[in-house]
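Only this structure's heavy atoms are used, side chains among them; waters, hydrogens and symmetry mates stay out.
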Amino acid sequence: MRNVWFVAAFLCLSFSLASCGGGGGSSGGGGGGGGGGGKPPSGGVPYVLPSANPAVLSTYSIDSNPHGLAVKIDGATIGNTPATAAPAYASTSHVISVIATGATPAYTVTTAQAATGPVQIFYNSLVDTAGKISSLTPGSIQRRPQFSRGSSVTRITPSLMGRALYSDRRLSVTYDAAALGGRSVDTIERRHGAASAVTLSQAGGTISRVITLGAGQPLADARRALTAEPGVLRVDRVALRYPLGAAVYPNDPHFNVSEQWDMYRIDTPDGWGFGLGSHSVAIAVVDTGFDPNQPDVAPNVTYSEQVLGGDIYTASGSATDTDGHGTVDSGIASAVTNNGAGWAGVGYGAALQEYKIYPDGPGAVADAADESEAIREAVAHNAKVILLSLGGSSAAGPDPVERDAVAFAIASKVTVVAATGDERASGVTTVDYPAGYPNVIAVGASAVNDTNYPGDGLASPEYVASYSNSGPGITMVAPGGDPSPAPDNDQVHWIENAYTTQPYSGIPACASGTAPSDCGAKFAGTSMAAAHVAGAAALVLAQNPALTPAQMMTLLTASADDIGDPLEGAGRLNVYRAMANVTGNSPTVPAKYTPAYNQFVAFAYTNVAMNATVPVIADITYPHGVPVSANGTFRIADLPAGTSPNGTNASYRIAVWYDSNADGVIDAGDYFAVSGLCAKSGACAGANNLAVHAIPASPAFVLP
């Protein structure tokens with residue numbers, strides 16, 4: 001059974017965090033585990049991000065029925081319910097426990113970083129139910145057959161291990177506008193050595209700025225002095241972000257099962273059969289730019305700019321890619337397709353917006369402040385998907401400016417896709433930021449082992465690439481390749497697409513005389529994997545532009561293929577199945593696919609026997625459903641006192657649900673089971689023996 005890391009609801013505890021994420025399950029069977037950056041479970045009820053100002057610190061409350069139960073945070077007792085406190089827990093995961101009476105296990109919620117808006121954690125000891133899925137009967141849905149088979153330079157991007165974590169010249173400063181006493185923030189910043197500054201956001205009484213210090217100005221001194229200024233809420237270092245991806249191999253291009261095996265492995269040809277991409281859906285690529293002379297990328301670019309040192313440059317050529325990383329990622333996501341030359345891109349016609357945040361030159365590094373400004377620029381220019389094929393070590397923790405920009409984009413209904421990082425071989429067991437933030441589609445890399453099928457990217461078994469970061473926070477995987485350290489000429493160990501014709505001195509170039517349309521490269525890395533998913537998201541949005549980021553995550557993960565690797569998250573991207581789902585063709589997908597127990601959510605609903613297909617969920621801590629653990633167990637213990645349907649004295653029901661097409665409606669193709677009527681107090685009889693079945697097309701389903 002695959003291992004899916006997820007969180008079903010946005011959970012934090014009863015204190016103020018700059019942001020905090022989704023929690024795992026409660027004890028006594030509420031699995032899901034700590035972490036994962038707050039994404040909803042694959043197949044779960046779509047989660048809608050609160051519409052709070054992301055710059056405002058969240059408040060959290062812990063309560064119980066009855067009051068007076070002890071509350072522990074990370075094992076230390078902080079008082080009794082109702083509990084409120086506001087220490088500055090800003091970056092790490094926490095375990096909150098409400099201690100039940102007698103032999104009943106504590107009600108436990110695990111948090112992560114980054115959330116906005118007030119959040120409640122509630123434990124009701126009077127309706128504490130330990131539930132379980134006892135069996136799951138697969139549906140009879142059939143999948144279409146697998147698609148049939150139909151001058152080199154290598155550059156390896158170094159690991160992030162040992163690289164600098166923070167900028168040595170930039171700081172992010174958050175002000176309380178009301179406490180400034182009429183003083184100018186420019187004056188305050190210049191007094192402490194700022195040479196320039198840019199305002200990222202100004203809302204809800206707070207001002208978020210990034211300053212660049214003058215040459216020779218000690219950063220530690222400036223940070224200390226600014227922190228002491230009245231009206232300054234916080235001063236943070238700006239994290240550095242590195243391109244993620246490993247190598248370049250210029251080559252002659254073609255869309256075929258050898259050179260672009262990755263596109264066939266995720267079944268783009270069949271996916272395109274349900275619909276093509278649209279220029280009305282733009283993917284914002286925040287990277288090294290693009291090559292305006294590359295005919296397989298440039299025609300799809302509708303906007304470009306460079307963001308460097310807080311300044312924005314929009315002149316022609318300002319976003320020119322001299323590295324190649326950005327051009328390759330752009331090509332994977334949405335190369336000009338069906339033009340008789342070059343490569344195909346997953347997005348097949350999706351527009352590209354290019355935001356260059358890296359300076360020119362080998363080994364260039366960007367910082368999270370420029371990245372964050374580019375994210376906000378992308379939202380302002382109506383991008384629908386943002387691709388972040390970059391990252392910085394999770395050892396530095398989240399960058400507040402970056403975190404807030406990502407939260408702002410998601411709250412603006414923009415799907416954010418990020419690479420998990422390439423350092424697993426060095427012992428890293430977590431995903432990089434920005435992939436680690438809540439509700440980001442965090443993408444690791446899959447690869448093929450073609451030992452028994454040399455050069456065959458379709459028949460060969462798949463696995464999670466040796467370098468690909470995984471662990472709590474990963475959403476899914478997509479092709480990223482996995483070349484050996486020695487020169488590796490095996491095509492299916494790489495991902496190939498269009499490359500820059502204008503590389504900087506010292507960066508590999510296509511052979512002299514190569515036509516721009518034939519200038520291609522081979523890369524490997526989680527960057528390439530994320531680009532596949534970004535293209536798929538744009539392709540899906542061309543069919544249904546109304547999908548929220550949470551619905552997109554659910555649809556893509558629910559459509560993913562299980563490759564049998566415990567590090568795969570929800571599975572490997574399958575474009576055919578995603579497109580079949582979004583276009584209403586889900587009966588042709590997948591091949592007797594049986595979801596894992598930990599792809600379900602459990603919940604109590606109150607609209608009993610009302611001919612409804614959308615449940616009214618009564619859970620307080622998990623308003624979008626409690627995550628079910630891998631062994632099928634869960635715990636419903638967060639219902640308000642006196643829960644009952646329709647305002648009557650009747651009882652509620654407990655259900656488990658896998659939403660296969662991510663539409664938020666319980667309908668044909670979903671998996672579902674429900675208990676009998678539950679008493680208004682005590683455990684719900686029957687919830688510990690739920691037999692799950694697929695919902696048939698006929699008769700039309702309504703909630704019992």
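Remark: Asn382 pairs with no residue by the side chain to side chain donor-acceptor pair (under 3.5 Å) rule, at least two apart or across chains. In this structure, the side chain to side chain donor-acceptor pair (under 3.5 Å) partners of Asp236, at least two apart in sequence or on a different chain, are Arg234. The ring-ring contact (aromatic ring centres under 6.0 Å, His included) test applied to Phe122 returns no partner, not counting sequence neighbours. Residues satisfying the side chain to side chain donor-acceptor pair (under 3.5 Å) criterion with Asn469, sequence neighbours excluded, are Glu423, Asp432. Legend: residues meeting side chain to side chain donor-acceptor pair (under 3.5 Å) with Thr320, ordered by chain and number and at least two apart, are absent.
Look at Arg169 and Asp367 and you find no salt bridge, because none of the NZ, NE, NH1 or NH2 atoms lies under 4.0 Å from a carboxylate O.
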Ile188 and Leu180: side-chain contact (heavy atoms from CB on, under 4.5 Å), yes or no, with the steps? CA-CA 10 Å; Ile188 295 171; Leu180 289 173; 4.0 Å; yes

For Asn544 and Leu555: C-alpha separation, side-chain torsions, deciding distance, then whether side-chain contact (heavy atoms from CB on, under 4.5 Å) applies. CA-CA 12 Å; Asn544 184 356; Leu555 186 145; over 6 Å; no

Derivation of the side-chain contact (heavy atoms from CB on, under 4.5 Å) call for Tyr437 and Glu402: CA-CA 9 Å; Tyr437 297 124; Glu402 177 185 59; 2.7 Å; yes

Output, in order, the C-alpha distance, side-chain angles, deciding distance and verdict of side-chain hydrogen bond (donor to acceptor under 3.5 Å, both in side chains) for Thr212 and Arg170. CA-CA 5 Å; Thr212 301; Arg170 306 190 81 189; 3.1 Å; yes

Given the rule in the side-chain contact (heavy atoms from CB on, under 4.5 Å) test, do Val601 and His624 qualify, once you have shown the distances and angles that lead to the verdict? CA-CA 8 Å; Val601 288; His624 310 287; over 6 Å; no

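Taken from CD in Glu189 to CD in Glu229, the straight-line distance is 10.0 Å, to the nearest 0.5 Å. Atoms CD and CG, on Glu354 and Leu387 in that order, are 9.0 Å from each other to the nearest 0.5 Å. Summarising the geometry, atom OG belonging to Ser304 is positioned 12.0 Å from atom CG belonging to Asp321; distances are rounded to the nearest 0.5 Å. Considering CG of Asp638 and OH of Tyr107, their distance stands at 4.0 Å, rounded to 0.5 Å. In this structure, the separation between CD1 on Ile357 and OG on Ser372 is 8.5 Å, given to the nearest 0.5 Å.
For the pair Arg376 and Phe408, the distance from NZ or CZ to the six-membered ring centre is under 6.0 Å and the angle to the ring normal is within 45 degrees.
Pairs passing the ring pair (Phe, Tyr, Trp, His ring centres under 6.0 Å) check and including a residue from residues 184-241, sequence neighbours excluded, do not occur.
Under 3.5 Å, the side chains of Thr174 and Ser208 contain no donor-acceptor pair of N or O atoms.
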